[in-house]
Amino acid sequence: MRALIETIPRVIGLDEKVVEDLVAKRRLKLARTPDPKYGDYGVALHVVLHMVKAPRQEWDKLLSRIANEIMGSSRAKECFIYRIDYSNGYLNFYIDYRKLSRIIFKKIIDEALFDEIRSYGRGEKILVEHTSANPIHPLHIGSGRNAVIGNTFARILRRLGFSVREHFYVDDMGRQVAVMVYGYTKVKEKGIEPPPKIKPDHWIGAIYALTNIFVSIKNMHHEQEKIAGEIRTLIEHLKEEAFGKRGDGYLLAVTRIAESQLSLKHDPGAVLEMIVSALKKQEGKKPTGIRREAESLLLRYRDIRNKLAELYECAEDLRTVFPRLYDVLSQSIDEPEVFEEKVSELMKLYEEEDPRITRLFREAIDLVLRGFDSTLRRIGIVFDSYDWESDPEIKKLTREIIEASLRTRYGGSEGQAVIVDLGKAYEEDDYIRSIFGAEKPERVVLRRSDGTTLYVSRDIAYTIYKYRVTGAKKVYNVIATEQNLEQKQVRSVLYLLGYKDYADNTIHLAYEMVHLKGYRMRGRYGRYISMDELIERYRKLMLDQYMESHKKLGVEEAESILDKAEKLAVANTRYLLLSIEPLKVLTFDPGKLAEHTEGSWIQYTYARLLSILRKAYGEDIDRPDDVRREVTRDYDGIDIDAIGLTREEEEIIEKLMGYKDVLVTAYEEMKPNKVAEYAYELSSVLNLFYEKIPVIKERIENKKKFRLVLIYCAAKILGDAMYVMGIPVLPRI
RNA sequence: GGGCCCGUAGCCUAGCCAGGAUAGGGCGCCGGCCUUCUAAGCCGGAGACCCGGGGUUCGAAUCCCCGCGGGCCCGCCA
């Protein structure tokens with residue numbers, strides 16, 4: 001690049017500053033060429049050519065002079081350029097990958113590359129909060145996406161030499177947990193204990209869902225009764241009208257039939273429909289008030305019917321799996337008003353730390369957390385800390401920040417309620433404006449009129465807690481995009497409270513939801529695909545794939561194949577949830593699992609590399625490190641100038657050199673999926689190499705050594721990328 | 001109503017912020033390759049007016065404006 005800056009102005013007569021400026025603005029930049037026939041890297045010089053109004057016929061002449069000048073300078077050698085081409089205004093460079101390979105191989109063999117990568121973060125303390133699923137049902141693929149993105153991001157940071165802690169925020173003070181505990185109490189009262197062979201989070205999840213379902217069903221029934229009453233009133237009105245100002249015998253007759261039908265076992269919806277269609281006949285196109293009323297009633301009625309149908313379907317699904325829970329809960333759930341009261345009571349008692357209720361909450365939540373932990377361990381995720389929302393420290397901080405907010409410029413109270421006027425702050429404060437952008441905030445309530453706290457206020461306190469307890473310099477919150485606003489509120493209030501530093505360094509790593517093809521995931525009704533189910537499905541798929549190629553499986557092998565299937569399944573699960581850019585909605589079709597096996601494909605590529613190393617150095621090799629000494633020796637013995645590289649080899653070298661940048665970009669852009677993409681591409685070029693280029697059978701010893709070193713280096717990097725993604729490394733498949 | 005995000009073949013996705021050569025991959029579909037380092041692989045083929053319309057530019061999937069479609073958020077819920 002420097003050579004260009006020096007050469008171009010001289011050759012085509014531009015000020016050096018102008019060219020330098022273009023480079024700084026990235027108007028002039030070096031990029032890979034679309035095709036090897038144009039060399040390896042190219043730069044488009046159209047901008048400068050147009051600047052000096054060079055006629056097209058002269059382009060080649062000018063470019064050739066630039067090329068010659070650069071080749072003549074010492075720069076070319078330093079950049080491993082052995083040839084420069086030009087065409088259509090592009091200047092194309094040919095790189096001598098043999099020289100490059102020596103450098104990158106050396107760095108990988110003596111581990112200098114990894115030290116270099118590790119030096120990036122300088123041990124700075126970073127806290128990553130992720131997963132933080134409500135402890136009311138098992139982790140589903142939505143919370144799983146959070147876990148995988150969060151954990152991978154943390155692993156990337158660790159690789160880059162940051163000192164990272166992963167925290168899980170146990171949201172135990174919310175209403176949903178109280179609902180779960182309510183149901184749990186009902187089940188417990190009947191003497192039912194968690195069955196030992198059922199995963200506890202799945203069991204609690206069923207309780208939570210059934211509780212919600214039965215309450216909702218009761219609510220819907222009340223609503224239906226209300227509508228039935230309204231239909232009767234409507235008929236009355238209609239009758240009066242038919243008698244009175246309309247004097248309409250037909251309408252009168254219809255109302256009589258309607259009344260009669262309602263007294264029978266007859267669907268009120270059908271009756272409504274009859275009335276609406278009768279009214280339509282009478283009026284033609286223009287609806288009257290009464291018809292509009294009937295129509296809106298009909299819509300409401302249909303809406304409720306659909307919802308009820310869905311609820312019953314969800315209930316039935318659960319009934320087939322948990323018949324006992326279904327029976328108990330279907331009978332013991334209170335009427336909605338009583339239910340609401342009891343749930344509020346539970347919340348209040350838990351916030352007040354009533355010992356009996358606290359024990360009950362902890363007991364139920366622990367069951368779920370135990371389930372979380374086993375799922376998460378399965379996919380290689382272990383938290384450094386579980387922070388409870390109900391932690392006395394956080395509660396105390398919550399009270400303090402509420403008091404402190406009253407003393408800020410925009411804080412105020414209405415009775416016991418405490419409110420921060422972010423709308424006003426937005427008008428007057430640049431910093432607040434910079435947080436919200438075009439989205440003008442409104443007020444945020446930190447304490448209710450009844451004196452209880454809210455999620456946001458506790459979250460603000462928790463954020464301060466994170467910095468204080470861990471000494472973190474930066475905090476990443478891996479949270480769904482639906483919480484965008486809340487995260488901005490948290491930062492704003494922190495700033496207004498004087499914690500500008502915290503506000504600056506609290507970063508929302510936002511990701512989009514996971515949708516299911518065909519239906520909506522509903523945690524509260526038990527409609528979700530859990531992570532455990534996803535992994536199990538993959539495990540079966542992997543087993544099937546094995547059987548397809550091997551046909552037979554001996555009893556003594558079954559155990560080890562199962563173990564492999566598990567690791568392959570974990571790889572596919574993690575890859576699936578990681579590979580899609582966080583800000584894109586992931587629509588998941590459980591029927592198409594077999595199409596998403598990139599994770600295990602990468603593992604396979606890795607196993608092939610090790611297989612080559614085994615053939616070369618000995619059958620007992622399980623990791624590249626086992627042959628480090630031999631590879632070092634081979635590396636020293638290569639006569640690099642005697643080798644002509646194949647395109648495949650060049651591509652691999654190119655990729656290996658890009659590893660560090662990928663990690664850094666993934667960190668800076670908060671796109672851990674970049675690592676997945678990289679591992680996939682590296683695997684892809686490695687598979688091409690594997691198919692086309694012999695290693696063990698290579699006759700020329702020099703070439704063979706070179707390729708073995710290449711394989712070793714590729715295995716090191718691919719293995720490292722896999723580790724970063726939490727994909728288990730299998731030496732043999 | 002306001003705001004944020006997304007829109008690339010039948011489906012999924014890279015490239016977009018920092019504009020450059022024929023828009024990369026994958027799944028699925030069609031056709032090939034197992035006496036040669038693991039065929040969970042590879043090769044070939046068909047399949048894209050880069051949501052639409054304007055603009056800026058020598059050059060636009062990429063930048064700007066106006067639309068359209070989808071998701072999410074706007075609670076004294078969490």
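Within every chain, numbering begins at 1; the chains are lettered A, B, ... in the order of the sequence lines, protein sequences first and strands thereafter.
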Figure out the [atom1]/[atom2] separation between [X] and [N], and round it to whole Å.
{"X": "A:N673", "N": "B:rG26", "atom1": "CG", "atom2": "P", "answer": "18 Å"}
{"X": "A:E598", "N": "B:rG28", "atom1": "CD", "atom2": "P", "answer": "11 Å"}
{"X": "A:M51", "N": "B:rG59", "atom1": "CE", "atom2": "P", "answer": "15 Å"}
{"X": "A:E512", "N": "B:rC6", "atom1": "CD", "atom2": "P", "answer": "9 Å"}
{"X": "A:M513", "N": "B:rC73", "atom1": "CE", "atom2": "C1'", "answer": "12 Å"}
{"X": "A:R732", "N": "B:rA40", "atom1": "CZ", "atom2": "P", "answer": "17 Å"}
{"X": "A:I479", "N": "B:rC72", "atom1": "CD1", "atom2": "P", "answer": "18 Å"}
{"X": "A:I580", "N": "B:rG15", "atom1": "CD1", "atom2": "P", "answer": "13 Å"}

Euclidean distance for [atom1], [N] against [M] (whole angstrom):
{"N": "B:rG2", "M": "B:rG47", "atom1": "P", "value": "43 Å"}
{"N": "B:rG67", "M": "B:rC50", "atom1": "P", "value": "22 Å"}
{"N": "B:rU57", "M": "B:rC63", "atom1": "C1'", "value": "10 Å"}
{"N": "B:rC16", "M": "B:rC5", "atom1": "C1'", "value": "15 Å"}
{"N": "B:rC73", "M": "B:rG26", "atom1": "C1'", "value": "33 Å"}
{"N": "B:rC30", "M": "B:rC68", "atom1": "C1'", "value": "36 Å"}
{"N": "B:rC4", "M": "B:rC64", "atom1": "P", "value": "13 Å"}
{"N": "B:rA23", "M": "B:rA9", "atom1": "C1'", "value": "12 Å"}

Using a cut-off of strictly less than 4.0 Å, decide whether [X] has a side-chain nitrogen or oxygen near OP1 or OP2 of [N].
{"X": "A:K674", "N": "B:rG15", "answer": "yes"}
{"X": "A:Y604", "N": "B:rA40", "answer": "yes"}
{"X": "A:K584", "N": "B:rC5", "answer": "no"}
{"X": "A:R608", "N": "B:rA39", "answer": "yes"}
{"X": "A:R448", "N": "B:rA78", "answer": "yes"}

Assign [X] to base, sugar-phosphate, or nothing according to its heavy-atom contacts below 4.0 angstrom with the strands shown.
{"X": "A:L576", "result": "nothing"}
{"X": "A:N687", "result": "sugar-phosphate"}
{"X": "A:V177", "result": "nothing"}
{"X": "A:I419", "result": "nothing"}
{"X": "A:A438", "result": "sugar-phosphate"}
{"X": "A:E414", "result": "base"}

Just by distance, no angles: are the side chains of [X] and [Y] close enough, under 3.5 Å, to form a donor-acceptor pair?
{"X": "A:N146", "Y": "A:Y511", "result": "yes"}
{"X": "A:D172", "Y": "A:S390", "result": "yes"}
{"X": "A:Q416", "Y": "A:S413", "result": "no"}
{"X": "A:D387", "Y": "A:Y462", "result": "yes"}

Nucleotide of [options] approaching [X] most closely (side-chain heavy atoms):
{"X": "A:E581", "options": "B:rC11, B:rG15, B:rC42", "value": "B:rG15"}
{"X": "A:I733", "options": "B:rA78, B:rA40, B:rC74", "value": "B:rA40"}
{"X": "A:E677", "options": "B:rG71, B:rA14, B:rC42", "value": "B:rA14"}
{"X": "A:R443", "options": "B:rC37, B:rG71, B:rC76", "value": "B:rC76"}
{"X": "A:Y680", "options": "B:rG71, B:rG25, B:rA78", "value": "B:rG25"}
{"X": "A:K697", "options": "B:rC4, B:rC37, B:rC42", "value": "B:rC37"}
{"X": "A:T33", "options": "B:rA21, B:rC12, B:rC73", "value": "B:rA21"}
{"X": "A:L583", "options": "B:rC76, B:rA78, B:rC5", "value": "B:rC5"}
{"X": "A:E482", "options": "B:rC72, B:rG41, B:rA21", "value": "B:rC72"}
{"X": "A:E595", "options": "B:rC42, B:rC27, B:rC11", "value": "B:rC27"}

Taking the basic N atoms (NZ, or NE/NH1/NH2) and the acidic carboxylate oxygens, is any pair closer than 4.0 Å for [X] and [Y]?
{"X": "A:R707", "Y": "A:E649", "result": "yes"}
{"X": "A:R647", "Y": "A:E650", "result": "yes"}
{"X": "A:K703", "Y": "A:E698", "result": "no"}

- Task: Based on the glycosidic angle (syn within 90° of 0, else anti), state the conformation of B:rC49.
- Result: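 For B:rC49, whose glycosidic angle is more than 90° from 0, the conformation is anti.
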
- Message: Here's a test of your reading of the structure: between A:A607 and A:S684, which maps to the more 5' nucleotide of RNA chain B?
- Response: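 On the 5' side of the pair lies A:A607.
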
- Task: Find which nucleotide of RNA chain B each of A:L586 and A:I696 is nearest to by heavy atoms, and output the residue with the more 5' nucleotide.
- Result: A:L586

- Message: I'd like to know if A:N92 reaches the base of B:rA21 with its side chain such that a donor and an acceptor end up less than 3.5 angstrom apart.
- Response: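 Flag set: donor-acceptor pair detected.
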
- Message: Whether the side chain of A:S449 and the base of B:rC76 hold a donor-acceptor pair under 3.5 Å is what I'd like checked.
- Response: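 For A:S449, whose side chain was compared with the base of B:rC76, there is a donor-acceptor pair (under 3.5 Å).
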
- So A:Y350 and A:F361, would you call those rings parallel, tilted or perpendicular, with 30° and 60° as cut-offs?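 It falls in the parallel class, under 30°.
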
- Task: Specify whether A:Y426 and A:F436 have parallel, tilted or perpendicular ring planes, treating 30° as the upper limit for parallel and 60° as the lower limit for perpendicular.
- Result: perpendicular

- Message: Centroid separation under 6.0 Å, is that true for the rings of A:Y575 and A:W601?
- Response: no

- A:R32 NZ/CZ over A:Y41 ring centroid, <6.0 Å and within 45° of normal: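 Yes; both conditions hold, so A:R32 lies above the ring face of A:Y41.
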
- Query: Got a minute to check which stems RNA chain B is part of, using Watson-Crick or G-U wobble pairs under 3.5 Å, three or more consecutive?
  - Reply: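 Stem list for RNA chain B: B:1-7 with B:68-74, B:10-13 with B:24-27, B:29-33 with B:41-45, B:51-55 with B:63-67.
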
